[in-house]
2 protein chains.
Amino acid sequence: MLTSRLAQDPALAPLVPRLAFALEIDRLKGVERRTWLADGSRRENSAEHSWHIATLALVLADLAPPGTDVDRVVRMLLVHDLVEIDAGDTFAFDAVGLTDRDARERLAADRLYALIPGGERLRALWEEFDAGETPDARYANALDRLAPLLLNLATEGGTWREHGVQRSAVRRRMAPIASGLAAIWPAVQAAIDDAVDAGWVGPD
Amino acid sequence: MLTSRLAQDPALAPLVPRLAFALEIDRLKGVERRTWLADGSRRENSAEHSWHIATLALVLADLAPPGTDVDRVVRMLLVHDLVEIDAGDTFAFDAVGLTDRDARERLAADRLYALIPGGERLRALWEEFDAGETPDARYANALDRLAPLLLNLATEGGTWREHGVQRSAVRRRMAPIASGLAAIWPAVQAAIDDAVDAGWVGPD
Ligand SMILES: [Ca+2]
């Protein structure tokens, strides 16, 4: 796509890698997740999911752990799934896919973040998210779990029901909310119990 | 969806508006824009578009006008299209739709931003974006124009070709890039001229 005048003009050439990267990341819109939209019309993709949780980081900012830098969390969430452009989305309850996910995502990061100047700063945010140890990463991970929980509740069990998931597995999956969004944790536990009562989640 | 334990527990009830809002904004994923994805497989929606340009705000941060607060721009871009949940997307070259767009969007903002505590801060960001007068809003608007330009180039003219758009109209549409992302403006003009040469944009 990078048109001829653009590629040939030495004054414009330095822009080419960044504009090419802007199109490269468009591919995240084509990475399908398992989660259904709230209206049940289709599954969501990783780009719109990233928008959703970055926006939730703003909406729930006053519930973030003390010391959280919400703007940093937003940046982290915008890039947290970029590696899926190469590695695809790995379903949370897919034990096999999870075993080699790290290796696939690391290869993807090696390629993607080398494409632009300053890519290593974005990569560092993704690595921090993935480690999940800083306050910022804890808040970010909590939001990344909360959104599919809400969507599963909105779609009468969604992927939980599709895959026959049990209460203990949902609780484990949602555990990052206990530390990253503690104010919401009792509500999450109540919602999971409601989902069991409704038959959307197994009662183990 | 807001499950019975959650709605009935007075300790959890204050969370309900925020969790309901989190599901309300999921509807932005269902608002279709005219622009095609870079791979031409389908048109994009406003949620993934918002993700795309918020991420571009990070990737192109070093080209932002002096004094730009990039984190503020990111926040602005995350919410800039929320009013489309009620008002829909108005195509840039649709003269009729544009006449009442402001009124429709203002009504949408009245409803949406009243749903959550702190909504007026998010609304102020949207209004600043819409006015396009501050340095932050200028950078934000430039990104909002750049992304569809790149997607139209990637899809051999995309919506320009579909609607027989002329060079002068594309230039006018892209004008916010001249002030908000001046370093890229010569590249944009070159790309538009290339698009005319390729027959994707009319030559007027
Ligand atoms: Ca827009």
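Within every chain, numbering begins at 1; the chains are lettered A, B, ... in the order of the sequence lines, protein sequences first and strands thereafter. This structure is a prediction, so every number in the text was calculated from the model and none was measured.
For chain B, no part of Asp9(A) is nearby; none of its heavy atoms comes within less than 4.5 Å. Only the side chain of Glu44(B) comes within contact range of chain A, judged by heavy atoms closer than 4.5 Å. Leu12(B) touches chain A through its side chain: at least one heavy atom from C-beta onward sits under 4.5 Å away, while N, CA, C and O do not. Heavy atoms closer than 4.5 Å to chain A are found nowhere in Arg121(B), neither backbone nor side chain. Interface residue Ile116(B): only side-chain heavy atoms are found under 4.5 Å from chain A.
Here the shortest heavy-atom pairing between Ala47(A) and Glu48(B) reads CB-CB, 4.0 Å. Minimum heavy-atom separation, Leu28(B) to Trp51(A): CD2-CZ2, 3.5 Å. Annotation for Leu15(A) and Ala183(B): closest pair CD1-O, 3.7 Å, computed over non-hydrogen atoms. Heavy-atom minimum distance, Asp26(B) versus Ala38(A): OD2-N, 2.8 Å. Between Asn45(B) and Asn45(A), the shortest heavy-atom contact is ND2-ND2, 4.5 Å.
Separating the CG atom in Leu150(A) from the CG atom in Leu23(B) is a distance of 5.0 Å, to the nearest 0.5 Å. In this structure, Leu19(A) CG and Leu153(B) CG are separated by 9.5 Å, a value rounded to the nearest 0.5 Å.
Residues passing the side chain to side chain contact (heavy atoms under 4.5 Å, CB included) test with Ala142(B), sequence neighbours excluded: Ile177(B), Leu181(B).
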Quick one: side chains of residues 57-68 of chain B, donor-acceptor pairs under 3.5 Å with protein atoms, not counting sequence neighbours, listed by atom name and distance.
from: Asp62(B); atom 1: OD1; to: Arg18(A); atom 2: NH1; distance (Å): 2.6
from: Asp62(B); atom 1: OD2; to: Arg18(A); atom 2: NH1; distance (Å): 3.4
from: Thr68(B); atom 1: OG1; to: Pro65(B); atom 2: O; distance (Å): 2.5

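Side-chain atoms of Lys29(B) and His49(A) form no donor-acceptor pair, as typed in the model, at a separation below 3.5 Å.
Remark: the backbone N or O of Ala22(A) is paired with a side-chain donor or acceptor of His52(B) at under 3.5 angstrom.
Ionic pairing of Asp71(A) and Arg75(B) is present here: one or more N-O contacts between side-chain nitrogen and carboxylate oxygen are shorter than 4.0 angstrom.
Of the residues considered (Ile53(A), Val74(A), Asp39(A), Ile184(A)), Ile184(A) shows the highest number of contacts with chain B, using heavy-atom pairs under 4.5 Å. The greatest number of non-hydrogen atom pairs below 4.5 Å with chain B, out of Leu146(A), Leu151(A), Val188(A), Leu122(A), is found for Leu151(A).
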